Amino acid sequence: MSLLEIKHVNKIYKSEDGGEKYALKDVTIIFPSSGLIAICGKSGSGKSTLINMIALLDKPDSGNILFNNKELTSYKDKENLNYRNKEIGIIFQHYQLLLDEDVLFNVSLPMMIAGYSKKEGQKDASMMLEGINFNQELYKQRTYDLSGGEQQRVAILRSLINSPKIILADEPTGAIDSTNSRIIMQMLKKASRKKLVILVSHNEELVEEFADRIIYLQDGEIVKNKIRVEENNGRPVSKPPIIKKHYYWISHLAISNFIKRIKRNVISMVSLTLCLVSSLLIIGFSYGSEESIINESYKQVDYGVASISKETSTRISDSGMTLKHLFKPNQEEKKQIIDDLPYFHIMDNYDALVPMALSIKSEGKTIDNIYYQPVYSFSEKTLNYGLLKDGFIPSKDSLQEVLINQKAYEVIKKTGIDPFKAILTITSSYTYNYYPEDDYLHPVITDYFIYEKNAKITGVFQEFDFLNTPKVYYSYVALDDYLNNSLLNNLSSYLEEDYSWGDIVSSSEVNDPISSYSLKLFLKDDKDKTNLRSYVEVLKEPFAITSNSLMIDEALISLVSAANYGLGFFLAIAFIGTALILGIVSFSSFVEDRKKIAILKCLGAKRSDIVSIYMMENIFISLISVTLSLILSYPLSLLINFIVRNTLGFTNLISIPFSSFLNVPFLLPFILVVASLLLSIISTSLPIIFSKKISLKEELKDE
Ligand code: ADP
Ligand code: MG
């Protein structure tokens, strides 16, 4: 049994004129197991085709190539890799080294691909380099910086390091000078004592000097087969088996690729980091915004003030519209409401007599756009004392003392008046007509309500600014007391019984304008404001509560949820864009490295190991980006929150749930890591999977 046999091998190519051309025609060679066999012939005679077939870079159209009596074409993937890695060593005319890696790495690479450790590989590589007196200073040098002769010597040692049985060398001296050519030939000659060296060469002189057998090819056919020395069939020694597999070379190449393409990788990292940071901020926004808005909205002194009406609606025929009528709840209904809503003080609504928008003057100047707004009383229970920024809250309820909010403070200040020294003159009026029962056109009695109060400002509240208006807060208890004590003089003397303005409002018909068509509600306990929403929900038709604060909350929340949709959409696009960038970057690296990949494959590296190199590069990008985005997003959210607080007044609008998300501790960083790893794995594999298989023969062809 011989080591290598070539039997009746044919290889046919289409020639340019459309006919068929034999690159190899019925070639049969039985090789010895050691010795230097030279293959000679003119250019185009089929020498490379023959070598490529033995190197598994090409396949015969017919005939067999047997290695240890087994047909090469029948090899499965695993046998294929083993054959390339351990049984043969290839030396190319143009060396095909990894030019960015150093000498030791290049020489030891086939050993490391086989699974040996870095240490074992470097030990053997050093020994071999010493054996040929290779300059020690160059061991750690990039092979790119070596001379052609040095590169070829490194390539030969690389082909020898796994003790292969066959060395294939296609014109190894074609690109170097004659002195170096002789050194190379001596190395090959030495190797051929224990293994089969198949050498393609043009150089008749060298071949004559060194070869043990010379095979001449002409137009794909063997024309001469000259055996010059007796041939040997002894078996070479193999490398010892590997105990534990090592993968150092994969991470080494990944890191070296990462550094080599650092500019491009920085771009990927920046885009991934941007994408992740914006995701975190958006998640933080949708997580924190609602709470932030509600919390902020509580910072209104009149948050718990509302009104309640009875609502009936009539459909306007044919128009599709409905007309809503509001009525003041009657006495019986009022009792029911008091039972249903025990958390509120329920009062008559005096808006008709003392409206929110009335005339406020000071020092003869009219102050516009400032509202006269009730709070239940100045007591600590109903008023949020925490919001007081300046001044004090009166200890007794009276209409002579009022409180204002910051906006009102600014408005007053703008008119040139010092709010704390000012006396506000608040006036409104109302005309009340009393009709006899049978005549609704001619009143018998008319009373005039003149409200005129001079009030001192004692304090300023710092409120939620957004959508807020300038307000002067007065005590409703004091107003109630005042109205119940001021009489309608004309009516009282006409009916010979005392009637106060309070009586008139409370006894008014449900559809009388003086009733304001509603009752007023004041939350009894200011701390209860967090429950306002749920209290209001208890209420059933036909009663409806109107609360300015809840309306503003709702408007803001729907604004935020609309923003969330928009941001979610943006996020999806950002992720697609980032995946594309990563994919394109890793694909272009892959394409750029076609030659490197071909070399690794030729040395017996698995496809999955090669993909790992590119995936690892993207995993570095992902992990660095995730780390950066976790580090950056927090201070960024603080910065945005700071800006938002100073411009819109919301505190903690963005609150990124780092430590607990959906009640799972550290879920968010975990999701981030997983998502970006997935993103990098998918974006690396897809282009590689869909890219054309690399043709090793084409990539490694010696131009
Ligand atoms: P050598 O190495 O002896 O110069 P080759 O083995 O490279 O010759 O080529 C042998 C013949 O096969 C040549 O005529 C060449 O043109 C042809 N040939 C080699 N590869 C291809 C190919 N991929 N397509 C077409 N013809 C090819
Ligand atoms: Mg050739």
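Since we're looking at a predicted model, the values are computed, not measured.
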- Item | side chain to side chain contact (heavy atoms under 4.5 Å, CB included) assessment of Asn225 paired with Tyr216 | CA-CA 6 Å; Asn225 192 348; Tyr216 290 95; over 6 Å; no

- Residue pair Asp100, Ser256: steps toward the side chain to side chain donor-acceptor pair (under 3.5 Å) verdict: CA-CA 8 Å; Asp100 296 314; Ser256 132; 5.8 Å; no

- Message: With side chain to side chain contact (heavy atoms under 4.5 Å, CB included) as the criterion, how do Leu600 and Leu109 come out once you've worked through the C-alpha distance, each side chain's angles and the decisive distance to 0.1 Å?
- Response: CA-CA 9 Å; Leu600 290 171; Leu109 184 57; 3.6 Å; yes

- Message: For a ring pair (Phe, Tyr, Trp, His ring centres under 6.0 Å) check, start with the C-alpha distance between Phe658 and Phe666, then their side-chain angles and the critical distance, and finish with the verdict.
- Response: CA-CA 6 Å; Phe658 285 121; Phe666 299 107; 9.3 Å; no

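Ile619 approaches Ser680 most closely through the heavy-atom pair CG1-OG, 4.0 Å. In terms of heavy-atom proximity, Ile610 sits nearest to Lys601 at CD1-CG, 3.6 Å. Summarising the geometry of Pro60 relative to Thr73, their closest heavy-atom pair is CD-CG2, 4.1 Å, with the distance given to 0.1 Å. Across Gly46 and Leu24, no two heavy atoms sit closer than the pair O-CD2, 3.5 Å. The minimum heavy-atom distance between Leu36 and Phe210, with the atom names listed, is CD2-O, 3.5 Å. The nearest pair of heavy atoms linking Ile88 to Ala55 is CD1-CA, 3.8 Å.
For the residue pair Arg158 / Ser108, no side-chain donor-acceptor distance below 3.5 Å is found, with atom types taken as modelled. No hydrogens or angles considered: nothing links the side chains of Asn85 and Asn82 as a donor-acceptor pair under 3.5 Å. Of the N and O atoms on the side chains of Glu592 and Ser589, not one donor lies less than 3.5 Å from an acceptor on the other residue. No hydrogens or angles considered: nothing links the side chains of Ser15 and Glu20 as a donor-acceptor pair under 3.5 Å. Ser48 and Asp170 share a side-chain donor-acceptor pair at under 3.5 Å.
For the pair Val223 and Leu217, the minimum side-chain heavy-atom distance is 4.5 Å or more. Looking only at side-chain heavy atoms (C-beta outward), Val197 and Ile37 stay at 4.5 Å or farther from each other. In this structure, the side chains of Leu4 and Ile65 come closer than 4.5 Å at one or more pairs of heavy atoms. At least one side-chain heavy atom of Leu129 sits under 4.5 Å from a side-chain heavy atom of Leu104. Contact annotation: the side chain of Ile167 never approaches that of Ile198 to less than 4.5 Å [non-hydrogen atoms, C-beta and beyond]. Put simply, the side chain of Ser201 does not reach to within 4.5 Å of the side chain of Met185, judged on heavy atoms. No side-chain heavy atom of Ile573 sits under 4.5 Å from any side-chain heavy atom of Phe570. Residues Ile255 and Glu617 form no side-chain contact, since every pair of their non-hydrogen atoms from C-beta on lies 4.5 Å or further apart.
Residues in residues 99-133 take part in these ring pair (Phe, Tyr, Trp, His ring centres under 6.0 Å) pairs, two or more places apart or across chains: Phe105-His252. Among pairs with a residue in residues 576-622, those fulfilling ring pair (Phe, Tyr, Trp, His ring centres under 6.0 Å) read Phe258-Phe620, Phe590-Tyr614, at least two apart in sequence or across chains. Listed by first and then second residue, the salt bridge (Lys or Arg N to Asp or Glu O under 4.0 Å) pairs that reach into residues 79-91 are Lys70-Glu79, Glu87-Lys165, sequence neighbours excluded.
Atom CD1 of Ile183 is separated from atom OG1 of Thr173 by 12.0 Å, given to the nearest 0.5 angstrom. For the atom pair CG of Leu72 and OH of Tyr75, the computed distance is 5.5 Å after rounding to the nearest 0.5 Å. Here the CG atom belonging to Leu571 is positioned 7.0 Å from the CD1 atom belonging to Ile283, to the nearest 0.5 angstrom. Here the straight-line distance linking atom CG of Leu157 with atom CG of Asp124 works out to 11.5 Å at 0.5 Å rounding. To the nearest 0.5 angstrom, Met616 atom CE is 10.0 Å from Leu253 atom CG. Remark: Ile656 CD1 to Ile282 CD1 distance equals 10.5 Å, nearest 0.5 Å.
Side chain of Ser622 to backbone of Ser676: a donor-acceptor contact under 3.5 angstrom is found. A donor-acceptor pair is defined here as one N or O able to donate and one able to accept, closer than 3.5 Å; such a pair exists between the side chain of Asn162 and the backbone of Pro110. At least one donor-acceptor pair closer than 3.5 Å links the side chain of Ser147 to the backbone N or O of Glu150. With hydrogens and angles ignored, the 3.5 Å screen pairs a side-chain donor or acceptor of Ser695 with a backbone N or O of Glu698. Checking side-chain atoms of Asp61 against main-chain N and O of Ile12 turns up a donor-acceptor pair under 3.5 Å. Under the 3.5 Å distance criterion, the side-chain polar atoms of Thr143 are matched with a main-chain donor or acceptor of Leu98. No donor-acceptor pair under 3.5 Å is formed between the side chain of Gln152 and the backbone N or O of Ile176. Remark: the backbone N or O of Ile681 is not paired with any side-chain donor or acceptor of Asn618 at under 3.5 angstrom. With hydrogens and angles ignored, the 3.5 Å screen pairs a side-chain donor or acceptor of Asp177 with a backbone N or O of Thr179. Side-chain atoms of Lys59 do not come within 3.5 Å of backbone N or O of Met53 as any donor-acceptor pair.
Exactly one residue among Ser683, Cys275, Ser625 makes a side chain to side chain contact (heavy atoms under 4.5 Å, CB included) with Leu582. That residue is Ser683.
A salt bridge is absent between Arg142 and Asp102: the closest approach of a Lys/Arg side-chain nitrogen to an acidic carboxylate oxygen does not fall below 4.0 angstrom. For Asp212 and Lys189, the salt-bridge test passes: some basic side-chain N is under 4.0 Å from an acidic carboxylate O. By the 4.0 Å N-to-carboxylate-O rule, Lys25 lies too far from Asp219 to be salt-bridged with it. Between Lys11 and Asp58, at least one side-chain N (NZ, or NE/NH1/NH2) sits under 4.0 Å from a carboxylate O, which counts as a salt bridge. With respect to Lys123 and Glu120, no salt bridge is recorded, no charged nitrogen being found less than 4.0 Å from a carboxylate O. For the pair Lys7 and Asp26, the salt-bridge criterion is not met [side-chain N within less than 4.0 Å of a carboxylate O]. Here Lys596 does not pair with Glu699 in a salt bridge; the nearest charged N to carboxylate O distance is not below 4.0 Å. Taking 4.0 Å as the cut-off between side-chain N and carboxylate O, Asp593 and Arg261 count as a salt-bridged pair.
Taking the ring pair (Phe, Tyr, Trp, His ring centres under 6.0 Å) definition, one finds that Tyr22 meets it with nothing, sequence neighbours left out. Shown here are the side-chain contact (heavy atoms from CB on, under 4.5 Å) partners of Leu81, two or more places apart in sequence or in another chain: Lys606. For Tyr287, the ring pair (Phe, Tyr, Trp, His ring centres under 6.0 Å) criterion is met by Phe661, not counting sequence neighbours.
For OH of Tyr13, the number of neighbouring non-hydrogen atoms (other residues, nucleotides, ligands) closer than 6.0 Å is greater than 12. Enclosure of atom CG in Asn69 by more than 12 non-hydrogen atoms of other residues, nucleotides or ligands within 6.0 angstrom is indicated.
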